[in-house]
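The structure appears right after this line, and notes come after that.
Both ligands and their constituent atoms are indexed starting at 1 by order of listing.
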Amino acid sequence: MSGGHEAQLPCTFVIFGATGNLASNKLLPALYHLEAAARLSESLSIVAFARRPWSDVEWRDHMRETLAGRIGGKLDTPVFERFIARFTYQQGDLNEAASYQALAARLPPPEACSSTVFYLAIKPSEFGAVIHNLEAVGLNKPRGLNRVVIEKPFGEDIESARMLNQLLHEHFDEEQIFRIDHFLGKETVQNLLVFRFANTLIEPLWNRNFIDHVQITVAESIGIEKRADYYDRAGALRDMLQNHLMQLLTVVAMEPPAALEADALHDEKVKVLRSIRPIAKRAVHAHAIRAQYARGTIDGRPVPGYQQEENVEPNSITETYVAAKFYIDNWRWRGVPFYLRTGKRMAQQSSMIALRFRHPPQQLFRETPLETIAPNWILLSIQPDESMRMEVHVKQPGLDMNTRLMQMNASFLKTDEQTLDAYETLLLDVIEGDRSLFLRFDEVEWAWRVVDPILKHWAVEREYIPTYPAGSWGPADANRLFDSDDQTWRDEL
Ligand code: BG6
């Protein structure tokens, strides 16, 4: 969010898991874009660490192919050459001490270099080994300077999250730890802060007096994309809801922070999480539903069901869809349900935050041809396009009293502007040492506490999971979460 000082910038960026999905899909393209925007300091070198027995040349060929696939025709040759020249490849095994010794030997000595960033773009089950091994070869030092970036999910439940955090704190200071949730780097999420706190007209309406309920939807049309070994253990609740959706909820619901700085923001977000009403064991069924995609059709193309995906356990009951209802028991939100849902292989790639307003208190137009007037909505679209819309009623020109619903649309992008990927923002923040958009452990811990009753309940109910056809909006059963008959899922903008 804020700028950094050249003197403190790290001089090496190490990517563990450099040949994996995350590195190929997100990290390499984001770093390339930062190169193109001249935001990487000249002295920064990047080490790609992975298991494959590759030479630097083979790595560069792989990178060329990967980036061409992701960025395509927009690959600029001089930028690409400059970018590729920063890389070296380090073949290694995450579990072997010798690989870390080889890595340490490759890094510049501390007196020649301010610091190093270690990005753990690997499976959560491998975090522990990397943290231990970095410490074993002294790469957790200089304390306070070398940084470690941990991807979500941070732990697989509250207990394992605490253990992971304890392990990290044995070897790293808090200011060295960057717990990433890339949704916080998305423009809409940051824009939400601006929308709420820079516009006098919005904030007075943002509470239980005016808002009937809030919906947060992250629908993906993609499946699990060869990530079965991770996903089949995680499921949608751990993969998306505990972190990404819960973070969106905190940004929608939080009070204005005292300042736009890391701790002030974290304090407000934690207050929201702490105010979420705990779900009683007997109420889990009424608050959360899960389902798994079966075969179906997306964009006219048949797609397999979850159980037919490569490396998924036969008869797996892992959920690929989750919908849940939460209440925030504070002065601002008491009684306003927050409905969250996310799923893979849904009808569309579409994510949005939708706030529905209450009906007007007076039915002034009852004696006119107007039927019941639909309530107002604020729609903050995150994907595929970022926009902010407000739905208002206007009178239709003519002799009768009829209205139509108009959308006031504030698109974020002007025609000559380009969307930033969340990782561009966040990687720059890591490099510049700004932790505002990263998670403090108490946020992670409270978010686990919120979903813990659901996890525990589902862990014992292991016989059966309902399905939804791929290409649909999820199971119809998700409608039973609603508190009143006039609430329905908002699928489209
Ligand atoms: C990741 C999840 O954190 O977020 C994936 O592990 C998901 O399952 C992805 O597809 C969605 O992020 P984005 O930015 O591509 O919408």
Under 3.5 Å, sequence neighbours excluded: what are the donor-acceptor pairs made by side chains of residues 343-352?
{"from": "Lys344", "atom 1": "NZ", "to": "Glu220", "atom 2": "OE1", "distance (Å)": "2.8"}
{"from": "Arg345", "atom 1": "NH1", "to": "Ser221", "atom 2": "O", "distance (Å)": "3.1"}
{"from": "Gln348", "atom 1": "NE2", "to": "Glu492", "atom 2": "OE2", "distance (Å)": "3.4"}
{"from": "Gln349", "atom 1": "OE1", "to": "Ser221", "atom 2": "N", "distance (Å)": "2.8"}
{"from": "Gln349", "atom 1": "OE1", "to": "Ser221", "atom 2": "OG", "distance (Å)": "3.0"}

Might you confirm whether atom CZ of Arg274 has over 12 heavy atoms from other residues, nucleotides or ligands at distances under 6.0 Å? no
Using side-chain hydrogen bond (donor to acceptor under 3.5 Å, both in side chains) as the criterion, list what pairs up with Glu261, not counting sequence neighbours. none
Heavy-atom contacts under 4.0 Å to ligand 1, chain-then-number order, include exactly Lys26, Lys152, His182, Phe183, Lys186, Glu220, Ile222, Arg227, Asp239, Met240, His244, Lys344, Gln383
Ring geometry between Phe83 and Phe87 (parallel below 30°, tilted from 30 to 60°, perpendicular above 60°): perpendicular
Partner set under side-chain hydrogen bond (donor to acceptor under 3.5 Å, both in side chains) for Lys26, not counting sequence neighbours: none
Whether Glu319 side chain and Leu237 backbone form a donor-acceptor pair below 3.5 Å: yes
